2 protein chains.
Amino acid sequence: MAAMDIANHLRRHKKSLTRARAEIWHILTQSEKPLSPDEIHRRLTGHKVDLATVYRNLRALKDIGLVREIDLREAFKRYEAILAGQHVHHIMCQVCGRIEKVRHCVVQDMANAIQKESGFTLKDHSLECFGICPSCQPHKTKAQGT
Amino acid sequence: MAAMDIANHLRRHKKSLTRARAEIWHILTQSEKPLSPDEIHRRLTGHKVDLATVYRNLRALKDIGLVREIDLREAFKRYEAILAGQHVHHIMCQVCGRIEKVRHCVVQDMANAIQKESGFTLKDHSLECFGICPSCQPHKTKAQGT
DNA sequence: ACAAAAATGCAAATCGTTTGCAAGTTAAGC
DNA sequence: GCTTAACTTGCAAACGATTTGCATTTTTGT
């Protein structure tokens, strides 16, 4: 999704390109990691934008495919801009909380196996990883479910 | 985790094997799919157990590795018993909500790639799939982020 | 059986997120 | 540019899942 296209993309879905929307989109595209609604809200600099508006816009952007919602087992969800159809997963350090992107993904390889095993057609998936980042090694952490 | 071992496992962690705990564990081991705290609560038949107690026990069981917490993009989390070190993922039908297990998992194959790419050591991951189950084909659904 | 530790019920509190509504902003056509 | 309909926003209240304080009850280890 090129930055230029956002206005058209919104228009196609009968959505307006509002100041809040533009600012939120800009913040997301500039961030190296997915952000929580609250983090986004705190980064808004211009005119006052209500947190409820941030939530409403994140949902709107998600609904039309501009934004991805990510669950890293925190108390809240995170959001990131979907750029150029990229397929991204994340790995979060269980010690320091650092979040990085993981571009390698083998899940599509599972599609056939899943199709055979369950008869489901795979449409989408969430894959989030947890581990220990280089600077936190060799800490130990408690086991977690998968 | 053999059913027999639960008492010992709890004892090792200074936890008691209470009636509520035993009942919740039984319900989880008998379920074919992960259950929400509320579903578990409603399935409790014996003496009255408060919903808060269900939450406290699920957390306790999760903390000592007997239970796995699962996020299927619903408003709540689901929980399932971890039996015999099984490694399980899930696929939920985007049309009817049916949930099935997916035993095939290729994520471990990603470990090396992730290690190289980010320097993280992979400790754990969440992989939940969404698609269309056999009886709901060939419905169409809106796209979702990954 | 006892004392100490752990768990429970109940009610209130949290906290992320959503919603109703009146007022403000944006889009589309003229 | 102006006008109206459609879409958004701020604000406050509502929500729903989950958590917590505390007095009481149950379980544990001896």
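We name chains A, B, ... by the order of the sequence lines, and we start the count at 1 in each one. This is a predicted model, so every value here is computed, not measured. What you see below is based on every heavy atom in this structure, not just the backbone, and it leaves out hydrogens, waters and symmetry mates.
- Nearest-nucleotide assignment on DNA chain C puts the 5′-proximal partner with Thr53(B), out of Thr53(B) and Leu17(A).
- A donor N or O paired with an acceptor N or O is not found under 3.5 Å between the base of dG10(D) and the side-chain atoms of Arg19(A).
- A sub-4.0 Å separation between OP1 or OP2 of dA17(D) and a side-chain N or O of Ser36(B) is absent.
- Comparing His47(A) and Phe76(B) against DNA chain D, the residue whose closest nucleotide sits nearer the 5' end is His47(A).
- Residue Lys15(A) places no side-chain N or O under 4.0 Å from the OP1 or OP2 atom of dA27(C).
- Dashed line: the shortest gap from a side-chain N or O of Ser16(B) to OP1 or OP2 of dT28(D) is not under 4.0 Å.
- OP1 or OP2 of dT18(D) has at least one side-chain nitrogen or oxygen of Tyr55(B) nearer than 4.0 Å.
- Regarding contacts with the backbone of dT8(C), a side-chain N or O of Thr18(B) is found under 4.0 angstrom from either OP1 or OP2.
- Of the candidates Arg43(B), Arg42(B), Gln30(B), Arg43(B) is the only one forming a side chain to side chain contact (heavy atoms under 4.5 Å, CB included) with Leu35(B).
- As judged by a 4.0 angstrom heavy-atom cut-off over every strand, Ala52(A) is placed among the base-contacting residues.
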**Item:** Test side chain to side chain contact (heavy atoms under 4.5 Å, CB included) applied to Arg73(B) and Ser126(A), step by step
**Value:** CA-CA 9 Å; Arg73(B) 300 184 188 173; Ser126(A) 294; 2.6 Å; yes
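- Partner Ile70(A) forms a side chain to side chain contact (heavy atoms under 4.5 Å, CB included) with one of Met92(A), Lys77(A), His89(A), Glu80(A) and no other, that one being Glu80(A).
- With hydrogens and angles ignored, the 3.5 Å screen pairs no side-chain donor or acceptor of His90(A) with any backbone N or O of Ile99(A).
- When distances are taken from the side chain of Asp50(B) to each of dG9(C), dT17(C), dT18(D), the shortest belongs to dG9(C).
- Phosphate proximity of dT19(D) to Arg59(B): present, with a side-chain N or O under 4.0 Å from OP1 or OP2.
- Two residues, Arg11(B) and Lys14(A), neighbour DNA chain D, and the one matched to the more 5' nucleotide by heavy-atom proximity is Lys14(A).
- Taking 3.5 Å as the limit, the base of dG9(C) and the side chain of Arg56(B) contain a donor-acceptor pair of atoms between them.
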